[in-house]
Amino acid sequence: MSLINLEAIAEQYKKSVSKLQRRIIVCGGTGCIANGSLKVRAALQAELEARGQHTTVELDEEEGAEPFEGTYLSKSGCQGFCQQGPLVRIEPEGIFYCHVKPEDASEIVEKTLLNGEIVERLTYLDPKTKQRRPHENEVEFYTKQTRVLLKNCTIEPENVQEYVANGGYVGARKALAMTPEEVYQIVLDSGIRGRGGAGFPTGLKWKFTLASQSDKKYVVCNGDEGDPGAFMDRSVMEGNPHAVIEGMMIAGKAIGADEGVVYVRAEYPLAVRRMQRAVEDANKLGVLGENIFGTGFNFQVRIMEGAGAFVCGEETALLASVEGKRGMPTPKPPFPAQKGLYGKPTVINNVETLGQIPYILREGAAKYREVGPENSPGTKTFALTGHVANTGLIEVPFGATLRDIVYDIGGGVIDNDGNITDDDFKAVQIGGPSGGCLTPEVLDLKLDFDSLKPTGAIVGSGGLVVMNKQTCMVRIARFFMQFTQNESCGKCVPCREGTKQMLALMDDIIEGRATGETLELLEETAKAVQLGSLCALGKTAPNPVLSTLKNFREEYEAHVFKKICPTGECKALARPEIDPEKCKGCAMCAKKCPVGAISGELKKPHSIDADKCIKCGACKSTCKFGAVKGL
């Protein structure tokens, strides 16, 4: 095989785009595609061609090909601002359009591409200032981030040449010229810690695996992202797949492996497809396969689809699934570094960890350490969702605060009607089912692996669910307990039976059957599950319950002792009321009430007799003014 010249490939790609008049980048992440972004791209292409504009959706990067002159309509991975999709970026002007529909294509072509005008109604509307922001560099959602891993998610994910032109596979080439010890030492010096939740030093894991003697070793990429509200790994695989492959190659060199497996849940069809395409293209290019870069190093990657069990995110359960067995954890030791896939030493890293490795090898450990605190250097991606003005995929340095994320990038907390409120922040759930709830008192806490420990929460894989004061924290804890109970593999008694008992106790609380003993038993059972469960998923399953018991005890006590849900979200404990300021006295609610619980004079505020009310909700669904509360 001829030696691969990355510089020549990069130069040829840059030549192919050197005479572009414009590049239109349509977001090709799952969220935008679901909202019709590919139809937008097709409509733009049709409009441009109908007006005689030279247009392409695929560049010719063969050696000797002439530069393309015209408009290049490319797609990207997830651009992050999912709430505003479908997204369209127009370069070189940096114009940023939101909520674009196929029928907008004609106006975009006519005004922007032909006449250089901005289509104001498609630009981003700042929720705080109510001002239009036509350019991406004016949007705080982007300007407040530090995008390292996500930076390449704006390139064409199915174009390996463009990845190379942006520094791709340079880190792998450097690594393959080193000894395994030199490779893991650079990673160790960088201080990068596993982004899957545990935060174990990546370089140390590689060192341990290298020390294990075996004729065969494996690198496994954990893409089994199962946390509710989390989509970081999915977006990286969709938008920057070659970074994951390159990271696996570097890991392979560090531990002496010649084979890698990417384990992706089958619910991520686009990620699976793009990872498979990336492996095929890397093999064709010669950066995967035999004698890579003429170093004698061989490495192959295969993609495996998982069935979607949450427990398969645990590394030993994942390995069992890859081997064709039922995904269930096994006791440790032995650790996968000693006895992993097919009984051979195996290093397992998650998608985000592997995606950051090429940057470290390319730029150096010192450069990587310039961002983030000493104990948790680098950046972290988060899926920001919930009661926040701006939701989506973000990347910030470790050490950023919740205030930075919620109020700057997120644009502030919103009420149930979508309005930004100054003082409506109640909590944020971090770390998914394995995490905990953080309160307003820690808004200025710097987020990293170690600073979160005293709060009872963890960084986890990176889910951030913001909640306003209309949220019932008991129901939130019950939701996560329902999830972990459903997903328990059932192998160990504490998790299998303990989560079932905890869920039953939570049901007693929200349905009005609980007593003081219920709270004591709930806490006692939660601690037993923590101590006795076999794997980390079982040990962390009680975290949402314990953290809400700690931080919102008065809310639990209101449910138990007063038989009231303060937010009115728990129907069995709701206190039905009619807001006198909203009630117009139309009496429609009284007419619909089947038990005559509503009284009042016409054109005057009505009231509900809570003792008579059967909480059927007929009054709430009838009221056109939103005056009925608590149902």
Side-chain angles (χ1 to χ4, degrees), residues 228-229 385-388 391 413-421 424-427 429 437 465-483 485-486 502-515 518 544-545 548 552 554-631:
T385 60
H387 296 133
V388 66
T391 61
V413 179
I414 58 174
D415 60 23
N416 289 349
D417 295 322
N419 302 311
I420 294 179
T421 57
D424 206 19
F425 176 80
K426 185 171 187 177
Q429 172 75 13
C437 287
V465 183
V466 179
M467 290 165 278
N468 63 24
K469 289 181 179 177
Q470 289 78 53
T471 305
C472 175
M473 301 310 298
V474 181
R475 285 185 65 85
I476 289 294
R478 194 256 177 215
F479 167 81
F480 283 109
M481 183 48 56
Q482 173 79 70
F483 178 85
Q485 199 280 316
N486 285 344
M502 289 179 67
L503 181 60
L505 293 169
M506 293 296 292
D507 284 338
D508 286 344
I509 293 172
I510 67 172
E511 292 171 10
R513 297 187 297 268
T515 65
T518 306
V545 172
T548 50
F552 300 95
E554 72 286 351
E555 207 159 314
Y556 278 86
E557 291 175 347
H559 283 69
V560 173
F561 300 116
K562 298 180 182 180
K563 305 301 180 186
I564 295 171
C565 175
T567 65
E569 286 196 332
C570 298
K571 189 173 181 180
L573 302 178
R575 288 182 64 86
E577 296 178 303
I578 294 179
D579 187 340
E581 294 184 3
K582 293 183 177 180
C583 180
K584 306 301 182 183
C586 68
M588 290 301 297
C589 57
K591 292 177 182 179
K592 288 289 184 179
C593 180
V595 293
I598 301 176
S599 60
E601 298 179 26
L602 281 175
K603 299 184 180 180
K604 291 185 179 180
H606 283 46
S607 61
I608 300 177
D609 186 334
D611 293 331
K612 289 184 179 180
C613 179
I614 60 172
K615 301 174 183 178
C616 66
C619 55
K620 185 174 183 178
S621 60
T622 301
C623 182
K624 299 178 180 179
F625 310 104
V628 181
K629 301 187 297 181
L631 289 177

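The chain is numbered in sequence order, starting from 1. Just so you know, these numbers use all the heavy atoms, side chains as well, and skip hydrogens, waters and symmetry mates.
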How far apart are the closest heavy atoms of [X] and [Y], and which atoms are they?
X	Y	value
Y556	V545	OH-O, 3.9 Å
V465	G386	CG1-CA, 4.3 Å
Q429	C437	OE1-SG, 2.9 Å
I608	I598	CG1-CG1, 3.9 Å
V474	I510	CG1-CG2, 3.6 Å
T471	K426	O-NZ, 2.6 Å

Of N486, L503, D507, which is the lone residue that meets side-chain contact (heavy atoms from CB on, under 4.5 Å) with M481?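 The side-chain contact (heavy atoms from CB on, under 4.5 Å) with M481 is passed solely by L503 among N486, L503, D507.
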Once rounded to the nearest 0.5 Å, what's the spacing between atom [atom1] of [X] and atom [atom2] of [Y]?
X	Y	atom1	atom2	result
F479	C472	CZ	SG	14.0 Å
N416	N468	CG	CG	5.0 Å
C619	M588	SG	CE	12.0 Å
C565	K571	SG	NZ	13.5 Å
R478	M473	CZ	CE	15.5 Å
Q470	I414	CD	CD1	10.5 Å

D415 side chain to D417 main-chain N or O, any donor-acceptor pair under 3.5 Å?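 Checked: pair present.
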Keeping K563 on the side-chain end and V560 on the backbone end, is there a donor-acceptor pair under 3.5 Å?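 Judged by distance alone, yes, a pair lies under 3.5 Å.
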Heavy-atom count check: over 12 atoms from other residues, nucleotides or ligands less than 6.0 Å from E581 CD? no
Hey, does P580 have a side-chain heavy atom less than 4.5 Å from the side chain of K604? no
